[in-house]
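What follows is one structure encoded as structure tokens, with my remarks underneath.
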Amino acid sequence: MALPALGLDPWSLLGLFLFHLLLLLLPMPTTTTGEGGQGPVPRVRYYAGDGRRALSLFHQKNLQDFDTLLLSGDGDTLYVGAREAILALNIQDPGVPKLKNMISWPASDKKKSECAFKKSNETQCFNFIRVLVSFNATHLYACGTFAFSPACTFIELQNSSLLPILEDKVVEGKGQSPFDPAHKHTAVLVDGMLYSGTMNNFLGSEPILIRTLGSPPVLKTDNYLRWLQSDASFVAAIPSTQVVYFFFEETASEFEFFDKLRTSRVARVCKNDRGGEKLLQKKWTTFLKAQLLCSQRDQLPFNLIRHAVLLPDSTDPHVYAVFTSQWQIGGTRSSAVCAFSLKDIKRVFEGNYKALNKETSRWTSHEVPDDISPRPGSCSVSPSSDKALTFMKDHFLMDEQVVGTPLLVKSGVEYTRLAVEAVRGLDGNSHVVMYLGTTTGFLHKAVVRGDSRAHLVEEIQLFPDPEPVRNLQLAPTQGALFAGFSGGVLRIPRANCSVYGSCVDCVLAQDPHCAWDPESGTCRLLPTSSPKSWRQDLERGNPQWACASGHIARSLRPQSRPQIIKEVLAVPNSILELPCPRLSARASYRWSHGAAPVPKASSMVYNGSLLLLLRDGAGGLYQCWATENGFSYPVVSYWVDNQDQPLAPDPALAGIPRERVEAPLTRIGGGAAMAPQRSYWPHFLTVTVLLALVLSGALITLLASPLGALRARGKVQGCETKTPGEKAPLSREQHLQLPKERRTSANDVDADNNHLGTEVA
Ligand SMILES: *[C@@H]1O[C@H](CO)[C@@H](O)[C@H](O)[C@H]1NC(C)=O
Ligand SMILES: *[C@@H]1O[C@H](CO)[C@@H](O)[C@H](O)[C@H]1NC(C)=O
Ligand SMILES: *[C@@H]1O[C@H](CO)[C@@H](O)[C@H](O)[C@H]1NC(C)=O
Ligand SMILES: *[C@@H]1O[C@H](CO)[C@@H](O)[C@H](O)[C@H]1NC(C)=O
């Protein structure tokens, strides 16, 4: 940096000194873009309580662990399984779900005392609801851990309200619900039969995949034949036309590793399986499993599956699943989302088998024997021969892996659940939108592009304290997503398009739910039949053509002319702070001065804002430019003018509306020093005091004549805090982080319902 030349007036010298000292002492802000590590960055982040993403919280005194969610057939009622209770919520109206009714289903005192005797930790000796399915038009079927003694029951419905559970209607639920609430489980009802996968014993060492209800026999996996490893952990069950698929993870026995290697699997059983007659009695005769592979090139695989859902599609249905890795890199876990085509899964189950060679203890590939027909394990209606069943006993692992397409890989987060929907965009094409819940209470909204890569439209912090999202349920007719967690159920509108204030922002967001309506000049939720004039560009996110309208000629840079100019009037040698709102974390930002870059010696970009020492000739147009998707546009434009010698107006900017704003960080000499409340203020104060002491001495010797003036005008004066209102219009970013005390805590409001954030009808 250039040393100030002698001969400058003392205020100018002091200004430069102060400015350079300020630059040296500023703490370097940590860049937020680098924080998330590898993977896409959410374009916009909302912290809990942010009014732009209003969430409605349902909670109930003395109730916790809202783990299980079930949407009624008409989509108007959400049934919720909580600890020792089941609730029916009316979700028809926007806003907080209304309690229709609630029934309690506590574990019996006998079971609770038995549990307390066996478990030292009594916090788990309750009935945690694990299964909640719609059985028929009049009944739900529910199962719970029942103080480590699983139990199930039918629950009668009356106008979608729940009727109380009769004690004599509660039956044993072993195999349907886990014993331990910490154990994973899955269940799905198909044709009146419940297919469930969970742990079948108290210790959690005996996994089971079982079919119950409906016509007998009850079919199970064979424990002795080790179809499942003892640590198998089920996360999803998905019915298809002829089969039911189960998704789980377990220790891989087929790889010889030093370490315990875990792997993700898909297993399938045929719906028409009736069990064997002589062999495999009351056991599955069609149980097959295959390895699921979700990995990115040259990387360790994401080998632990956490959840999976099916996105039905008439031509090519896919299963979407979230994975994490057994290995942590740099102390953080990573997650991946992979899509698996049902066609691929089906093909793998029609290929070769792997079997353990008992002599060599190695797994080898086996072709399908030609002398067994129908093919062993196929969903054929004709009864299987003894030979086929004998074959099935040892040939339950497929040779080939089901390889998924990685849509999203992100380090630093661990996804727990996902919900997926197909959204029709303005172009008539269907776009896959994924909602991903994390272990720390965040929700990511991800959109899959045509190249099978997902970008994150937004990140929403659901609760102020980090805790896992337990469950997610989309309610398409309500345009909302429901999230269950320890403290209640949250309604999250699928989108709030009005946060995108301009066509450029609306198009760059690439949210299939939102499009720009040029008529009203707003970004709006896409209705089912959207007018042709609306604007969206989901594939490229390019506002250049999407936002150029007929009467404004399509120019190369339709946005280079600012919409509004903020006018800053400053005294010479003052330090200005020109903020630049960060609308998108995906954009890169730079500043320009007229057509040139900003002057290096007297300016600095700090935390997005331009700090500028206003010296002679430094006035004029300052613009903050954002570049996103290869498209550059000015986010904010300032006209900085010298109070003492106004600049000649720039004819190129004629006709653009202007708005006067205040932007001084401090003024040196003449008038009070001003400073906004910032974290670097203490440093700045130190500098000021030090300077006042040191420089006053130095200046006396350097410049004798202005001494009198310095004395007369006093030292650099103390601070004057700006009112927040003065700065508000400058920065939208400031709204992002709400002060802690404004966040609503679920615990300190004891009304039955409350809003998290401000609710706007
Ligand atoms: C950077 O700017 C943001 C938003 O204006 C603010 O919340 C944050 O505290 C600033 N950081 C520093 C180190 O000044
Ligand atoms: C949507 O965003 C607008 C503008 O930021 C805000 O005023 C409104 O309250 C938000 N609505 C919801 C439902 O979040
Ligand atoms: C009981 O278990 C829960 C969850 O498993 C745990 O958070 C809690 O700290 C345990 N309490 C005691 C007293 O061990
Ligand atoms: C629904 O199932 C329950 C329990 O099996 C049965 O009592 C009831 O009659 C069934 N209702 C209908 C409409 O089939």
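These figures come from a predicted structure and were not determined experimentally. In each ligand, atom 1 is the first atom listed, and ligand 1 is the first ligand listed.
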- Message: Please compare N136, T138, L157, L213 and report which has the shortest non-hydrogen distance to atom 10 (C) of ligand 4.
- Response: N136
Which of the numbered atoms in ligand 2 are below 4.0 angstrom from a heavy atom of [X]?
X	answer
N496	1 (C), 2 (O), 3 (C), 8 (C), 10 (C), 11 (N), 12 (C), 14 (O)
V499	2 (O), 5 (O)
R53	14 (O)

- Task: Name the orientation class of the two ring planes belonging to H444 and Y415 (parallel below 30°, tilted from 30 to 60°, perpendicular beyond 60°).
- Result: perpendicular
- With under 30° as parallel and over 60° as perpendicular, where do the rings of Y195 and F246 fit, or are they tilted in between? tilted
- ligand 2 contact by P493, heavy-atom criterion under 4.0 angstrom: no
- Nearest neighbour in protein (non-hydrogen) for atom 7 (O) of ligand 4: H139 CE1, 3.9 Å
- Would you mind checking which non-hydrogen protein atom is closest to atom 5 (O) of ligand 4, with the distance to 0.1 Å? F135 CE2, 3.8 Å
- Could you please spell out the steps behind the disulfide bond (SG atoms under 2.5 Å apart) verdict for C523 and C503? CA-CA 7 Å; C523 190; C503 180; over 6 Å; no
- Under 3.5 Å: N/O of A54 near N/O of ligand 2: yes
- Would you tell me whether Q623 and S637 have side-chain atoms, one donor and one acceptor, within less than 3.5 Å of each other? yes
- Message: I'd like to know if the side chain of T212 pairs up with that of Q176 as donor and acceptor (distance under 3.5 Å, no hydrogens or angles considered).
- Response: yes
- Message: Please determine whether ring-ring contact (aromatic ring centres under 6.0 Å, His included) holds for the pair F135 and F154, giving the CA-CA distance in whole Å, both sets of side-chain angles, and the decisive distance to 0.1 Å.
- Response: CA-CA 8 Å; F135 185 71; F154 286 99; 4.9 Å; yes
